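All figures in this text were calculated on a predicted structure; none of them were measured in a lab.
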Amino acid sequence: MSLFVRMRLSFMMFLEFFVWGSWYVTMGTFLGANLGAKDQEISLAFSTQSFGAIIAPFIVGLIADRYFHAQRILGVIHLLGAVLMYLLYSSEDFSGFFPVLLAYMILFMPTLALVNSISFNQMKDPAKEFSTIRVWGTIGWIAAGILISALAWDSADGLESGMLGNTWLMASIVSLVLGIFSFTLPATPPRASSSEKIKLSELLGLDALALLKNRNYAIFFLSSVLICIPLAFYYQNASPFLTEIGVENSTGKMTIGQISEVLFMLALPIFFSRFGIKKTLIVAMLAWAIRYVFFAYGNADENVWMLLVGIALHGVCYDFFFVSGQIYTDAHAGHKYKSSAQGLITLATYGVGMLIGFWAAGQISDYYLISPGLHDWQSIWLIPSGISVLVLLFFILFFKKEKIYPQNNPS
């Protein structure tokens, strides 16, 4: 891969995740402060990610893989996304905001697969080359968070004056840039013939259900769905929580999670090879439980360190579970079910698991609402911590120690 191509792909990743990070982290805070949304409405807004994840395979499988170049679809989606982001910026109430956000997420979620496809198409050795491209996406997310706090949009004065709404305008502008830039990316033609018969089971990854015949993989699969319930609490509640208890520059501080994600991504291969899949997954689930305990007992004063450590644990929580899970899934699937298996685990976690999690987070946050803008956060955070512990115990009891090898298909 030439340096020029590498730079273009890196810039694509940077913009892709800058757009997402521009609004996703602070959406819960924005909805409460700017639109007066209730906890159940906030959970409904975050659920659009799950709806998008469920529908994404149809868009990618039916359109991108068969009829059009991936970079052109990416460009069209982000141009449309720029318009939708501007409409979200202009929204005055939740009833007008939600359907636009739903339309946006149905379009946006497939782009996560498209940017990967465009990148892989230019690589001779993805195992070595992809991480150096993908890391620019994390840098883009970090840059968006730091910029929001640097401009004081998430400060007390910024919230009071409605400045947090500017995140949608920023996302709209960057989405427009990415939409135009996408048409300059290397050509990524359709991989499948438009005349090939379309199988619904392949689009949804249902062919990979055969992997569940393996007891260990079935335990891992169920644990993956269940652990997404406490994961949803973090995505939905972390920003409103930090803002409500008075943590300054909360959006910038939350980028510590993405910085740790980069560091633990580098540490994962060493840990994985030395301790194996079971211990790696156990460490990840234990980190979930510890993180939420730190959130429950931390505050914006003398115990602010607990909040910062809880945020920094994101790298362990995400990389050690989800990235390890992708490796584990790939090893079990082999060549026959490689794509289907990854599609199935994504549908089950980001689709079903997090959909349940966002709903639960909304219900629990509303239950522990003391007064408008004031929650019993200690009780709220102890619940996902408890769920994490239960999932951890289930996994320890039923998952047997196992060595995995690349392209190993136990079936």
Please find out if less than 6.0 Å separates the ring center of Trp168 from that of Tyr104.
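Distance test on ring centres: not under 6.0 Å, no.
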For Phe220 together with His332, are the ring centres under 6.0 Å from each other?
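Here the rings of Phe220 and His332 have centres that are no less than 6.0 Å from each other.
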Which label fits [X] and [Y]: parallel for a plane angle under 30°, tilted from 30 to 60°, or perpendicular past 60°?
X	Y	result
Trp381	Trp377	parallel
Tyr235	Tyr24	perpendicular
Tyr89	Tyr86	tilted

Step through the shown structure and confirm whether more than 12 heavy atoms of other residues, nucleotides or ligands are within 6.0 Å of [atom1] on [X].
X	atom1	value
Lys278	NZ	yes
Glu160	CD	no
Trp136	CH2	no
Glu244	CD	yes

For [X], which residues count as a ring-ring contact (aromatic ring centres under 6.0 Å, His included) partner, sequence neighbours excluded?
X	answer
Tyr297	none
Phe294	Trp305
Phe275	Phe271

Using side-chain heavy atoms (C-beta onward) and a distance below 4.5 Å, is [X] in contact with [Y]?
X	Y	result
Val247	Phe241	no
Trp23	Leu101	yes
Met12	Ser119	yes
Arg8	Ile133	no
Trp288	Val391	no
Leu281	Phe321	yes
Tyr328	Tyr217	yes
Tyr367	Asp376	no

Candidate list Asn249, Asn166, Thr251, test side chain to side chain contact (heavy atoms under 4.5 Å, CB included), partner Ile148, passing option
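Per the side chain to side chain contact (heavy atoms under 4.5 Å, CB included) rule, the option paired with Ile148 is Thr251, out of Asn249, Asn166, Thr251.
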Measure the spacing between OG of Ser155 and CH2 of Trp153 and express it to the nearest 0.5 Å.
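The CH2 atom of Trp153 is 11.5 Å from OG of Ser155, to the nearest 0.5 Å.
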Can you find a side-chain donor-acceptor pair between [X] and [Y] that sits under 3.5 Å?
X	Y	value
Ser43	Gln363	no
Thr349	Ser224	no
Thr132	Arg6	yes
His375	Asn237	no

Please confirm whether the backbone N or O of [Y] pairs with a side-chain atom of [X], one donor and one acceptor, at under 3.5 Å?
X	Y	value
Thr26	Thr29	no
Ser182	Arg72	no
Asn121	Ala187	yes

Can a cation-pi geometry be assigned to Arg134 and Phe17, taking NZ or CZ under 6.0 Å from the six-membered ring centre and within 45° of the ring axis?
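Judged by the rule, Arg134 and Phe17 form a cation-pi pair.
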